[in-house]
There are 2 protein chains.
Amino acid sequence: MAERLSADDWAEAALAALAEGGLAAVAVEPVAVRLGVSKGSFYWHFANRQSLVEAALRRWEAETEQVIARLEFLDDPVARMRSLLERAFGGGQDAAISFRLISEVDDAVVAEVVRRVSERRITYMQDMLCELGQPPEEARRRVLAAYGSYLGMAALVRIGAMDEAPRSLADLAMAELGLPAEPT
Amino acid sequence: MAERLSADDWAEAALAALAEGGLAAVAVEPVAVRLGVSKGSFYWHFANRQSLVEAALRRWEAETEQVIARLEFLDDPVARMRSLLERAFGGGQDAAISFRLISEVDDAVVAEVVRRVSERRITYMQDMLCELGQPPEEARRRVLAAYGSYLGMAALVRIGAMDEAPRSLADLAMAELGLPAEPT
DNA sequence: ACTCCTCCATACGGTGACGTACGGTCTCGA
DNA sequence: TCGAGACCGTACGTCACCGTATGGAGGAGT
């Protein structure tokens with residue numbers, strides 16, 4: 001909307017392009033078109049394409065932290081987990097990006113960010129389960145199964161073998177994590 | 001090995017390139033280098049790059065049929081399912097290709113093949129469960145959960161959040177499908 | 001030996017994306 | 001008002017890949 005752009009505007013557009021077309025779509029000229037400007041603008045804000053990719057990845061990572069930060073306002077760990085799952089299975093935006101990035105994990109930079117974000121999410125959920133009295137190994141096993149299912153369901157939805165059903169998926173995940181489905 | 005190549009040699013090399021670098025890696029000149037020949041050879045066997053991609057996809061689809069065909073020699077459906085799961089969780093090659101292709105399902109041709117292959121695998125497993133007395137909807141629900149887990153586990157292995165444990169994964173999948181883990 | 005056909009190499013033009021060079025416009029403070 | 005810096009457009013060189021054109025090596029049949 002604003003006439004002049006910031007580096008963050010570019011990062012946002014790059015993340016959107018990433019969600020839609022994968023890493024290859026995070027290209028200078030196409031994103032410039034999306035923003036309605038030319039390359040001249042881009043090379044003012046960034047040194048090269050790689051920097052843009054990294055900015056998009058940072059933005060994605062920040063969204064994970066933001067989601068976690070919002071959850072901290074809920075006291076009950078069960079409610080936190082449920083809120084997290086509903087948000088996760090609800091949007092579908094993050095699942096798409098996660099999927100893209102995991103499939104392009106050969107890229108060293110992508111690999112590092114993906115690993116960091118995944119580990120952050122997994123250990124956060126694991127800690128919640130531990131807080132609820134589950135032993136650490138058991139908790140991690142369950143979280144891995146649940147997170148794996150999350151990614152797998154996203155894949156099935158993507159190929160049209162399954163229609164999204166956020167609510168029931170969240171219920172299922174709660175059960176697999178050994179938590180009550182309805183928080184009374 | 002042979003001095004002269006066939007179209008199938010090109011398709012095989014293309015599928016290998018697909019597994020390693022995704023659709024973008026199925027490019028004429030790089031694959032030619034991999035085969036130790038030049039583009040002149042390629043354009044003798046194929047009309048264009050798209051044909052090569054389609055040939056690689058056909059080859060991948062054929063592998064699914066081949067796996068299924070081999071299973072038909074086993075009489076017991078339980079043994080068939082276990083053999084299928086062990087083969088699936090064992091190699092990891094197919095999971096890599098499946099992952100790549102699912103993430104690039106925006107391509108219309110890829111989408112069609114991926115959907116066909118997935119549906120083939122899912123209905124095949126569903127039929128086996130039905131053969132074992134499970135009702136169709138229940139069977140499909142379980143197969144979807146299992147196939148989704150298969151893809152999700154492949155993702156987790158890919159990002160290093162989980163080390164492969166083919167045997168126990170197969171056991172787990174068998175349990176989720178409502179089948180006995182050990183065929184006595 | 002001659003010839004046709006198969007398979008491949010080389011050379012070329014075309015396209016899209018990256019990155020650079022440079023100039024233009026707008027804003028803000030002195 | 002005026003100069004400096006922020007922001008952007010345009011033109012260009014380069015590179016990787018696609019696809020075409022053309023010709024050459026080598027075997028099979030006559």
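Only a predicted model underlies this, so the values are computations on that prediction, with no experimental measurement involved. To find a chain, count down the sequence lines: A is the first, B the second, and so on, and within it residues start at 1.
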Taking only residues two or more places apart in sequence or in another chain, which ones pass side-chain contact (heavy atoms from CB on, under 4.5 Å) with A:Arg100? A:Arg158, B:Asp106
Tell me, please, which residues at least two apart from B:Ala19 pass side-chain contact (heavy atoms from CB on, under 4.5 Å). B:Gln93, B:Ile97
The side chain of A:Ser38 is closest to which nucleotide in this list: D:dC8, D:dC12, D:dC18? D:dC8
Would you call B:Glu137 and B:Arg141 a salt bridge, taking side-chain N to carboxylate O under 4.0 Å as the test? no
Contacts table for residues 47-57 of chain A: side-chain donor-acceptor under 3.5 angstrom, sequence neighbours left out:
from    : atom 1 : to      : atom 2 : distance (Å)
A:Asn48 : OD1    : A:Gln50 : N      : 3.4
A:Asn48 : OD1    : A:Ser51 : N      : 3.1
A:Asn48 : OD1    : A:Ser51 : OG     : 2.9
A:Arg49 : NE     : A:Val26 : O      : 2.8
A:Arg49 : NH2    : A:Leu23 : O      : 3.1
A:Arg49 : NH2    : A:Val26 : O      : 3.4
A:Gln50 : NE2    : A:Glu54 : OE2    : 3.4

Between A:Arg116 and A:Glu119, does any NZ, NE, NH1 or NH2 come within less than 4.0 Å of an OD or OE carboxylate oxygen? no
With B:Glu12, which residues qualify under side-chain hydrogen bond (donor to acceptor under 3.5 Å, both in side chains), at least two apart? none
Of residues 23-31 of chain A, the positions that come close to DNA chain C - non-hydrogen atoms, cut-off under 4.0 Å: A:Ala27, A:Val28, A:Glu29
Between P on D:dT14 and NZ on A:Lys39, what's the gap in Å once rounded to a whole number? 14 Å
For A:Phe46 and A:Trp10, take the angle between the two ring planes, folded into 0 to 90°, and tell me which bin it lands in: parallel under 30, tilted 30 to 60, perpendicular over 60. perpendicular
Interface with DNA chain C, restricted to residues 41-58 of chain A and to heavy atoms under 4.0 Å: A:Tyr43, A:Asn48, A:Arg49
Taking the basic N atoms (NZ, or NE/NH1/NH2) and the acidic carboxylate oxygens, is any pair closer than 4.0 Å for A:Arg120 and A:Glu65? yes
